[in-house]
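See below for the structure under consideration.
Residue numbers start at 1 and run along the sequence shown.
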Amino acid sequence: MLEKMEEFNMEKVIEDFEAMTKDAERVQRQTLKKILEENASAEYLQNLGLDGRTDPESFKAIVPLVTHKDLDPYIQRIADGDSSPILTGKPITTISLSSGTSQGRPKFVPFTDELMETTMQIFQTSFAFRNREFPIVNGKALQFIYSSKQFKTKGGLAAGTATTNVYSRSQFKNTMKAMQSQCCSPDEVIFGPDFHQSLYCHLLCGLIFRDEVQSISSAFAHSIVLAFRTFELLWEELCANIRDGVLSSQITAPSIRAALSKLLKPDPELAELIYEKCSGLSNWYGLIPALFPNVKYIYGIMTGSMEPYQKKLRHYAAGLPLLSADYGASEGWIGANINPKVPTEFTSYAVLPNVGYFEFIPLRNNIGDQELCVEPKPVGLTEVKVGEEYEVVITNVAGLYRYRLGDVVKVVGFHNSTPEIKFMCRSNLLLSINIDKNTENDLQLAVEEAAKLLAAEKLEVVDFSSHADLSTDPGHYVIFWELNGEPSQEVLSECCNCLDKSFVDAGYLSSRKVNTIGPLELRILRKGTFQKILNHYLAQGAAVSQFKAPRCVGPHNNTVLQILCGNVVRSFFSTAYNN
């Protein structure tokens, strides 16, 4: 099926989606039945005593809710070369690595052909709705996508990040070609051995094909912002390469040099045009439309931990639409953005009922609060209620059964009978000292509020993280900021107080007032600190296209904490609660 992407039919994809979501409950039952029938011989299911049953009621009664920790021994056996049916009926030949930025180290997750099919289905669905609103015709895409280093596990299985496993499959290229979204960079750039060289050449290829580029994208908004921040530093060198037709000596990878030599020819006229465009910009505002006059939109995941990068992206994009990409994880896909015209801050995702079997655990008022009560039972896809928040549980086509994804979502509506959900935060990313519980979203809102004080000095927060410091008595929150300039002592003291006041969780407020949580500390970092963190993850085999800056760094993530603490140049303590 996937090899026939040339026959991509936008209206048919939308029609199929509409039909499927009109009877989401039936499709969910069918999807579960198919997953359980195909994997009936799996040791995991047989040991639980499922005994061939495929109905949701039996499945929920017999198969327990699990986390990655529960399945890790099974996945490790597979990675070590045990080819017996452990989690799936068919042998697993590929392993995906999660980004590793939440827990400090990547997790192993099974990757299969069936999972690849669901990936392409999500891509096609969102593209169909997107292309209806923003048509692309015979264009190229400037895609800031990167492969990580692939390696073999102890048992000889191919292992790489989820994005690498997708990009390396022929189905991906076929699908992009069918959707007229072919990357303007050759494969040698995407699969290059050095991220910095690949980024430079992505920019160069984009400029060579500037009139043909109709969309700019990456897996995450962070990668797009990073690319254009890099362009600010290297634009004159890029112009010189185009003018002379000679690739920078900084590009040393033979495969990349060979591929670029076929594209790069002397073009003084283009070089002069780009030089004039850049010279005419004020503080790089509107850089993207200036360089790429036919771009229709900028596309990537803009929600969750990517929201802080939207402001900078809008600066580069001027009036170009920012469209948020789809919702999924290394463990599997969940929903597609079928309302691309909705502003990114209101983006929601319609769950595709045939890409997995989904359950949702209702949340109490305080995330993680399980005092004196049993955790609520999960509800089905069509049983969720608008306005309520849930933790996502997924049963996928690659051997994960009733797997707690760790994501908190809010149901904002329904499309036909399938819910539209908004990503809220990771359930385990909590700043907490005692009774206080602040999520990634709470941290983000506090940073946004305090950053307004920097705007008057035309400064901005480049990136941020946090840490609950329990080494002091009482413990206190530490917020790390990397800035693009040097504000005054007074402004940063105000920012520190504003951060402290912006955490409005009742447990935090009451604890601060009685000093069972100490004054918040704002630590200013050296420029380039978050680049050092990125380099740390790259060295571990992560891919830039899958990188998310860790927003809350705990003791399990000691290396990143050391990088942050070792690059502090100034420190401020809040006086917001001083009597």
Side-chain angles (χ1 to χ4, degrees), residues 126-127 129-131 133-137 139-145 180-181 183-185 199 202-235 238 273-326 337 339-347 444 448 451-452 454-455 458-463 484 544-545 547-549:
S126 62
F127 176 78
F129 282 94
R130 192 163 71 249
N131 212 49
E133 303 292 348
F134 304 97
I136 284 177
V137 182
K140 288 186 182 292
L142 174 51
Q143 296 177 319
F144 294 105
I145 57 178
Q180 300 176 13
S181 301
C183 184
C184 56
S185 302
L199 171 52
H202 274 316
L203 289 167
L204 188 58
C205 291
L207 294 173
I208 291 169
F209 294 107
R210 72 182 291 267
D211 289 327
E212 296 176 57
V213 172
Q214 293 191 27
S215 68
I216 292 175
S217 65
S218 189
F220 292 111
H222 166 268
S223 296
I224 306 174
V225 170
L226 178 62
F228 287 104
R229 284 191 190 277
T230 303
F231 180 87
E232 288 185 35
L233 302 173
L234 301 174
W235 70 280
L238 287 160
L273 176 63
I274 294 167
Y275 194 93
E276 286 177 7
K277 294 284 185 187
C278 292
S279 301
L281 295 174
S282 173
N283 196 28
W284 301 102
Y285 178 80
L287 172 61
I288 292 174
L291 293 178
F292 308 103
N294 297 311
V295 162
K296 305 281 181 66
Y297 55 79
I298 297 157
Y299 182 69
I301 293 172
M302 309 271 177
T303 53
S305 60
M306 293 298 116
E307 282 185 27
Y309 304 108
Q310 287 185 30
K311 184 180 177 185
K312 189 66 176 178
L313 206 44
R314 285 200 173 95
H315 181 81
Y316 287 135
L320 282 172
L322 304 185
L323 312 186
S324 192
D326 310 305
N337 179 5
N339 299 301
K341 280 195 166 179
V342 170
T344 49
E345 55 267 35
F346 301 115
T347 296
Q444 198 166 291
E448 285 173 6
K452 290 175 184 175
L454 296 173
K458 295 186 176 176
L459 296 172
E460 63 188 10
V461 178
V462 172
D463 226 325
N484 68 338
V544 176
S545 49
F547 176 75
K548 294 171 282 194

Name the orientation class of the two ring planes belonging to Tyr275 and Trp235 (parallel below 30°, tilted from 30 to 60°, perpendicular beyond 60°). tilted
Taking His202 for its side chain and Ile145 for its backbone only, find out whether a donor-acceptor pair lies under 3.5 Å. yes
Could you tell me which non-hydrogen atom of Pro135 sits nearest to which non-hydrogen atom of Gln214, and how far apart they are? O-OE1, 4.3 Å
Search all heavy atoms of Ile216 against all heavy atoms of Ile224 and return the closest pair with its distance. CG2-CG2, 4.2 Å
Walk me through it: do Lys311 and Glu460 pass the test salt bridge (Lys or Arg N to Asp or Glu O under 4.0 Å)? CA-CA 10 Å; Lys311 184 180 177 185; Glu460 63 188 10; 5.4 Å; no
Check whether Asn131 reaches the backbone of Ile136 with its side chain - one donor and one acceptor, N or O, closer than 3.5 Å. yes
What orientation do Tyr316 and Phe228 show, parallel under 30°, tilted 30 to 60°, or perpendicular over 60°? tilted
Any donor-acceptor N or O pair under 3.5 Å, side chains Arg130, Ser215: no
Flag the pair Leu203 / Leu234 as yes when at least one side-chain heavy-atom distance between them is below 4.5 Å, and no otherwise. no
Are Tyr299 and Phe127 close enough that their ring centres sit under 6.0 Å apart? no
Correct closest heavy-atom pair for Ser218 and Ser223 would be OG-CB, 3.1 Å
CE (Met302) and CG (Leu313) are apart, to the nearest 0.5 Å, by 5.0 Å
